[in-house]
Structures are given as structure tokens and as C-alpha cells.
Amino acid sequence: MPDSMSEQLKQDMECEGLLECFHGLKQLDRQCFQVLVNAGEPLTVDEVAETVERERSTAYRSIQRLLQSGFIQKEQVNYEQGGYYHVYSPTDPEKISDSMQRMLNDWYAKMGQLIQEFEDKYQQPEADAEVAVNG
């Protein structure tokens, strides 16, 4: 992914690119997310790891990144004899979209503030010079 905003705006982007853009997720994270979406039912980390053909620990780290980003949810399933395991499923796309929209609004507000600070900081010497000439 390009570093600068102007480079990003010049690129063709797909909606899956938002996973990387908003949360810095990696290609494997996108793969694991797609596996969970396509499954139609909650999956264990072992099932995801098998589908993406990666070690369980690698898939687990990817699942944790998706979980922390809010793209998936974790559910505990209890055995009748005791013990439990976890399964993972994608979060409702509307909730993900709302979260990304809030983050975008926060980012936009912050960038607007920084742009104003930039203008204030670098216009000051010129404004002082006008006062000195006119004063």
C-alpha cells in the first residue's frame, strides 16, 4: 500500500483494502476474514488454519488481530463433560461499516485541525510583517 495520501487517491482500491487502511491488517488477515465470511457458520482457529494452509499459531495471531479490530466475534462453546472451546464468526457488516465511518470522521476532524494549525503556524510571520509595515 502506498505511503502518502496522494498516492492512495491515485490507486484503484477495493473495499477489502479498508481492512489494511483502517487497521493495518495483512493479507493473511484478509484471507482469514474471507474464510469466516464464506463458512456461513462459526469456525475454530484450527478450521481456519486448515483452510488457509497455515500453522495454528499463525492463524491464531491473525484471528486475534481481526478480533481486536472488531471484524469478527468470539463465542465460547461448552462441552457437556466440562471444558470449552472458542469459535469465530464475522461481525455484522453494518456494525463494521459504522465503526469505520466513526473512525473516518475522527480522522477527518483531526486532519482538519492539523491543517488549521499548519495555516496558523506558517501564516504568522507574514501577518506580523504586515503589522510592522502598517503600524
Side-chain angles (χ1 to χ4, degrees):
M1 177 167 250
D3 291 333
S4 75
M5 183 184 307
S6 61
E7 289 175 2
Q8 288 183 23
L9 291 172
K10 291 176 187 171
Q11 262 195 338
D12 289 332
M13 294 181 69
E14 297 177 354
C15 65
E16 290 80 9
L18 295 173
L19 297 171
E20 182 180 351
C21 183
F22 276 75
H23 296 284
L25 299 179
K26 302 172 181 171
Q27 180 61 31
L28 178 60
D29 304 333
R30 291 170 59 168
Q31 273 184 281
C32 290
F33 180 72
Q34 199 62 50
V35 165
L36 290 168
V37 168
N38 293 341
E41 62 181 353
L43 298 177
T44 64
V45 171
D46 291 331
E47 292 169 324
V48 173
E50 184 178 325
T51 305
V52 297
E53 299 177 345
R54 295 292 184 103
E55 294 291 325
R56 184 188 191 285
S57 60
T58 302
Y60 179 78
R61 286 191 297 274
S62 183
I63 293 292
Q64 291 305 305
R65 286 190 292 273
L66 289 167
L67 192 61
Q68 290 171 352
S69 301
F71 287 94
I72 63 171
Q73 300 173 335
K74 179 170 73 173
E75 182 182 339
Q76 181 175 312
V77 179
N78 297 319
Y79 292 112
E80 286 184 22
Q81 309 85 355
Y84 62 89
Y85 62 97
H86 292 114
V87 291
Y88 300 87
S89 59
T91 301
D92 178 7
E94 191 173 324
K95 288 183 180 177
I96 295 172
S97 296
D98 288 347
S99 172
M100 286 193 292
Q101 187 63 55
R102 278 192 304 277
M103 188 179 291
L104 179 61
N105 292 344
D106 291 347
W107 181 86
Y108 186 80
K110 179 67 176 176
M111 291 302 111
Q113 179 184 1
L114 290 173
I115 289 169
Q116 186 60 53
E117 285 177 23
F118 180 87
E119 184 178 334
D120 293 346
K121 183 175 181 177
Y122 291 103
Q123 272 191 346
Q124 195 65 29
E126 190 175 307
D128 289 343
E130 286 182 28
V131 170
V133 170
N134 295 331

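If you read the sequence from its start, that first residue is 1, and numbering goes on from there. Below, all heavy atoms of this structure are taken into account, side chains as well, without hydrogens, waters or symmetry copies.
Listed by chain and residue number, nothing satisfies the side-chain hydrogen bond (donor to acceptor under 3.5 Å, both in side chains) test with S99 (two or more places apart in sequence, or in another chain). The salt bridge (charged side-chain N to carboxylate O under 4.0 Å, His left out) test applied to D98 returns no partner, not counting sequence neighbours. A search for side chain to side chain contact (heavy atoms under 4.5 Å, CB included) contacts involving V52 returns L28, Q31, C32, V35, R54, not counting sequence neighbours. Take Q113 and apply the side chain to side chain contact (heavy atoms under 4.5 Å, CB included) test, not counting sequence neighbours, and it matches K110, E117. Applying the side chain to side chain contact (heavy atoms under 4.5 Å, CB included) test to I115 and every residue at least two apart in sequence or in another chain returns nothing. For the salt bridge (charged side-chain N to carboxylate O under 4.0 Å, His left out) test, residues two or more places apart in sequence or in another chain that qualify with R65 are D29. Looking at residues two or more places apart in sequence or on another chain, you find no side-chain hydrogen bond (donor to acceptor under 3.5 Å, both in side chains) involving E50.
The two residues R56 and A49 come nearest to each other via the heavy atoms CA-CB, 3.9 Å.
Other residues, nucleotides and ligands contribute only 12 or fewer heavy atoms inside 6.0 Å of the CD atom of E94.
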For residues 70-89, dump all side-chain donor-acceptor pairs below 3.5 Å to protein atoms at least two apart in sequence or in another chain.
unit_1 : atom_1 : unit_2 : atom_2 : d
Q76    : NE2    : N78    : OD1    : 2.8

Only pairs under 3.5 Å count here: list side-chain donor-acceptor contacts from residues 101-109, not counting sequence neighbours, and write none if there are none.
unit_1 : atom_1 : unit_2 : atom_2 : d
Q101   : NE2    : N105   : OD1    : 3.1
N105   : ND2    : Q101   : O      : 3.4

### Query
Going through the checks in order, is the side-chain contact (heavy atoms from CB on, under 4.5 Å) test met by I96 and F33?
CA-CA 13 Å; I96 295 172; F33 180 72; 4.3 Å; yes

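Counting only heavy atoms from C-beta outward, the side chains of N38 and T51 never approach each other to under 4.5 Å.
The distance from atom CD of Q116 to atom NZ of K121, rounded to the nearest 0.5 Å, is 14.0 Å.
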